[in-house]
Structures are given as C-alpha cells and as structure tokens.
Amino acid sequence: MKDFLSEINIQLRTELKKKPNFNINPPTFGKISTDHVFLMDYEEDKWNNLRIVPNEPMTFDLSCVSFHYAQTIFEGMKAYKSKDGEALLFRPRENAIRFNKSAERMCMPQINEDIFVNAIKALVDIERDWIPNEPGTSLYIRPFMMATETTINLTHPLNFMFCVLLYPVGHLTGTFRPVNIVVEEKYIRAAPGGTGSAKCGGNYAGAMIANKKAKENGFDQVLWLDINKKYIEEVSAMNVFFVTQDEIITPLVSDTILDGITRKSVIEMLRSLNIKVTERNISIEELVKLHEEGMVSEVFSTGTAAAITPVGSITYKGYTMNFNKKMVGDLTNKLYNDLTGIQKGDIKESWGWVCKV
C-alpha cells in the first residue's frame with residue numbers, strides 16, 4: 001500500500017465540505033458526494049497519471065465517445081465503519097474481477113486488481129470521516145470507466161478514464177421493508193449474447209422505462225423475464241431468491257443475469273447453515289403454481305445498494321402473489337442482519353470477506 005501511495009499525486013482540498021448530521025437527516029442515496037475522487041487515465045496502452053483530487057465538475061469534449069456510444073462500465077461497493085472506528089470493505093477483489101469482465105465485454109482496457117483495490121483503499125482512507133455509522137448507513141463506492149476519445153466515428157477508442165466516487169448513503173428504499181413488484185411483460189432487460197452480465201450504463205438506461213411505468217402504477221420495482229417472457233431473471237437491478245418448503249431457488253447466472261457479489265455471498269451463507277440452494281431456471285408459471293400450492297414462504301432480492309430486500313408481493317397478469325403476509329420473513333431478516341453484521345465487523349466470519357482499509 002505504501003509503494004502504491006507513492007505513485008499517486010494527492011491534492012487535497014484547502015477547505016473541506018461541511019458534513020451533514022446524519023442522525024438528524026439520513027442521507028438520500030447517491031445525492032451527497034465526498035470531498036475527493038480518484039482518477040487515472042489510459043493512454044498509449046497503459047494506465048498513468050494516478051491522482052486523488054478535489055471532487056469538482058470536469059469538462060469533456062462534446063464528441064467524447066462515451067456520450068455517443070455509451071462505452072461506460074461501473075461497479076457498486078460499500079465501506080462500513082466498525083464499532084472500533086475501523087473502515088471496512090466487503091469483498092473488494094470480487095468487484096475488481098467483475099469490473100474487468102465488464103471491461104472485456106465492452107472492449108475496454110483491463111485494470112490490475114491490486115491497483116483497483118488499492119486505489120479504493122487510498123481514497124476511502126482519506127475520506128474515512130465521511131463513513132456514517134448510523135444504523136442502515138454506509139459509504140457507497142462507485143468505480144467507473146468511460147471512453148474519453150474525442151470522435152463521433154464508431155471505432156475502437158484508445159483513451160479512457162477510470163474514476164472512483166464516494167457517497168454516504170442510507171438504505172436504498174429508505175427502510176428495510178417488503179417491496180411490491182410487478183412482472184414486466186413488454187420490455188426485456190437483456191438477451192443472450194448481449195451485455196446483460198456486464199455492468200454497463202446502457203443496461204440501466206434501457207430498464208428505466210419499465211421501472212418508471214411500474215412506479216406510476218403503484219409498484220416499487222419490476223421483475224424481469226427472459227427474451228421469451230418465460231423464465232425469471234432479475235428484480236430491477238438485483239438478483240432474486242424464492243424460499244420454498246424444500247429448497248431456495250435462485251435463477252442461474254448467465255450472460256443475461258448479473259453475477260451478483262451479494263448473491264454469491266448469500267448462497268455461501270445459506271449453504272453454511274445446511275440450507276439447500278438450487279441455482280436453476282424458474283419460470284413465472286412455476287412460481288404461480290408454487291404460490292397457489294402454498295409452497296413459497298418468502299421471497300427476497302440481493303444487491304450491493306440494498307444488501308437484502310424482502311419482497312411482499314409479485315403481480316403477474318393481474319394476479320397478485322403475497323408472500324409471508326407481506327411481512328419480513330424470519331430467514332430474510334436473519335440473512336439481512338447476519339450480512340450487514342459481517343460487513344460492519346460486528347459478526348466474525350471465516351470466509352475472509354472483510355478487508356480493513
């Protein structure tokens with residue numbers, strides 16, 4: 001870490017922002033950023049100009065490739081503050097691995113995993129006073145890469161920028177509560193051979209219309225089906241789990257489903273409790289049948305932003321399936337408490353997931 005820090009040009013603000021009192025006003029997700037950002041540039045086939053600088057507006061040429069052809073990727077991570085005041089990261093190397101998979105799919109340069117992780121550590125270390133410690137809060141970390149080539153020619157760019165932004169946040173949905181979901185019947189999120197497994201901006205832009213329509217109709221999120229409108233894929237931008245009497249079912253990761261790090265962690269936690277988890281295709285019609293037979297006791301989704309979100313209901317073709325009387329289930333509650341407890345350092349774990357800054 002010390003050797004890496006010597007490679008970074010660090011320019012700190014002369015006057016820091018005034019930090020809000022999160023006890024009085026819980027942070028709105030993604031609205032308040034910290035004082036500094038990490039940046040580096042890719043030119044002449046290598047990364048250079050590593051720097052931590054004040055977080056201020058930047059100027060880009062209007063012909064920047066990312067503006068026209070959406071060549072951008074990102075990750076979502078969090079830093080937590082332990083009771084002892086330590087800054088903790090959760091499985092950051094997994095994010096580095098997935099970031100490079102997205103980069104490969106989007107024809108963008110790779111970033112050495114150590115550089116990725118240590119850049120985030122260096123920035124979080126400088127901004128550790130921004131990590132809130134109120135219940136349900138954390139410091140959201142947004143690493144992203146964009147093409148900075150200045151041309152409107154549809155070509156393979158040679159210049160890129162990598163950036164890390166930090167945001168103190170509360171729970172994504174405001175509180176840990178069951179959400180009501182509607183099955184999206186017109187649009188799809190991803191198709192085989194597409195970019196569904198990459199965290200690229202276009203995936204999320206294409207999903208906005210369905211989410212907007214769902215909220216206008218009184219739902220919180222949408223449940224995405226595959227290209228044939230048969231098999232369940234994701235809940236909005238999260239992975240989904242169905243708790244039945246015999247097993248817990250979650251859709252199998254493919255090139256249309258994001259390989260969630262929270263998903264992966266929850267599966268390991270469940271199996272350590274000797275709970276059967278099956279990763280397989282599950283159709284929406286099968287879910288309806290299981291619900292009619294009283295076989296589904298709980299449904300929850302997983303993702304970095306919200307950790308675990310209980311699902312109160314799913315509506316499909318006008319038929320509403322309620323789960324656990326639209327209350328948080330015992331297993332969902334345990335998983336949420338155990339996962340967030342591990343992330344904040346309150347619960348010791350043997351997997352080596354927690355990383356001190």
Side-chain angles (χ1 to χ4, degrees), residues 7-9 11 30 33 36-77 95-117 119-120 123 141-167 186-212 224 226-227 233-234 237 254-259:
E7 299 178 24
I8 303 176
N9 177 17
Q11 303 173 31
S33 59
H36 302 92
V37 296
F38 175 89
L39 297 168
M40 65 179 180
D41 303 307
Y42 188 81
E43 298 172 339
E44 297 180 354
D45 297 326
K46 63 181 180 180
W47 289 104
N48 54 61
N49 194 17
L50 285 65
R51 59 204 186 274
I52 291 175
V53 296
N55 185 359
E56 296 175 345
M58 301 178 68
T59 300
F60 293 94
D61 192 290
L62 292 178
S63 67
C64 184
V65 168
S66 58
F67 295 159
H68 298 268
Y69 303 118
Q71 199 176 19
T72 63
I73 60 171
F74 68 94
E75 272 298 318
M77 310 166 58
N95 291 96
I97 292 169
R98 190 171 65 182
F99 191 83
N100 279 331
K101 288 180 180 178
S102 295
E104 181 180 12
R105 178 63 183 85
M106 299 301 291
C107 204
M108 302 173 84
Q110 301 283 292
I111 295 178
N112 178 278
E113 291 174 19
D114 289 332
I115 291 177
F116 182 96
V117 173
I120 290 167
L123 183 61
I141 304 168
R142 171 52 60 89
F144 75 93
M145 190 198 307
M146 59 181 285
T148 53
E149 195 100 355
T150 54
T151 177
I152 59 168
N153 185 15
L154 183 56
T155 184
H156 175 213
L158 301 176
N159 298 332
F160 299 85
M161 183 184 74
F162 174 74
C163 178
V164 181
L165 298 167
L166 304 178
Y167 297 84
K186 179 179 180 181
Y187 303 103
I188 62 168
R189 177 188 168 274
T195 59
S197 62
K199 285 187 74 69
C200 58
N203 287 349
Y204 297 82
M208 286 181 182
I209 188 170
N211 283 295
K212 180 175 181 290
W224 293 106
D226 72 338
I227 192 171
E233 296 207 321
E234 295 186 5
S254 67
D255 63 354
T256 62
I257 297 177
L258 189 69
D259 188 6

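- Within a 6.0 Å sphere centred on CD of Glu44, other residues, nucleotides and ligands contribute 12 heavy atoms or fewer.
- In this structure, the separation between OG1 on Thr151 and NE2 on His68 is 9.0 Å, given to the nearest 0.5 Å.
- From Asn211, atom CG reaches atom OH of Tyr187 across 12.0 Å, with rounding to the nearest 0.5 Å.
- Counting heavy atoms from C-beta on, the side chains of Met145 and Pro109 come closer than 4.5 Å.
- Of the options Glu104, Glu75, Glu113, a salt bridge (charged side-chain N to carboxylate O under 4.0 Å, His left out) to Arg98 is made by Glu75 and by none of the others.
- Considering CD1 of Ile188 and CD1 of Ile227, their distance stands at 4.5 Å, rounded to 0.5 Å.
- Aromatic ring pairs are classed by plane angle as parallel below 30°, tilted from 30° to 60° and perpendicular above 60°; the pair Trp47 and Phe162 is perpendicular.
- Scanning both residues, Ile52 and Ile8, for their nearest heavy atoms gives N-CG2, 3.7 Å.
- Between the side chain of Asp255 and the backbone N or O of Gly193, at least one donor-acceptor pair lies under 3.5 Å.
- Ion pairing of Arg189 with Glu233 is absent here, as no side-chain N (NZ or NE/NH1/NH2) approaches a carboxylate O to less than 4.0 Å.
- Closest non-hydrogen pair, Gln11 versus Asn9, comes out as NE2-ND2, 3.0 Å.
- Here Asp259 contributes atom CG and Ile97 contributes atom CD1; the two are 10.0 Å apart, rounded to the nearest 0.5 Å.
- Across all their heavy atoms, Thr148 and Phe60 have their closest contact at CG2-CE2, 4.1 Å.
- Remark: the backbone N or O of Lys199 is paired with a side-chain donor or acceptor of Ser102 at under 3.5 angstrom.
- Closest non-hydrogen pair, Gln71 versus Val65, comes out as OE1-CG1, 3.9 Å.
- In this structure, CD1 in Ile141 is found 5.5 Å from CD1 in Ile120, a value given to the nearest 0.5 Å.
- In this structure, Phe38 CZ and Leu165 CG are separated by 12.0 Å, a value rounded to the nearest 0.5 Å.
- Considering all non-hydrogen atoms of both residues, Thr256 and Ala190 come closest at O-CB, 3.8 Å.
- Shortest non-hydrogen contact noted between Tyr69 and Ile152 is OH-O, 2.5 Å.
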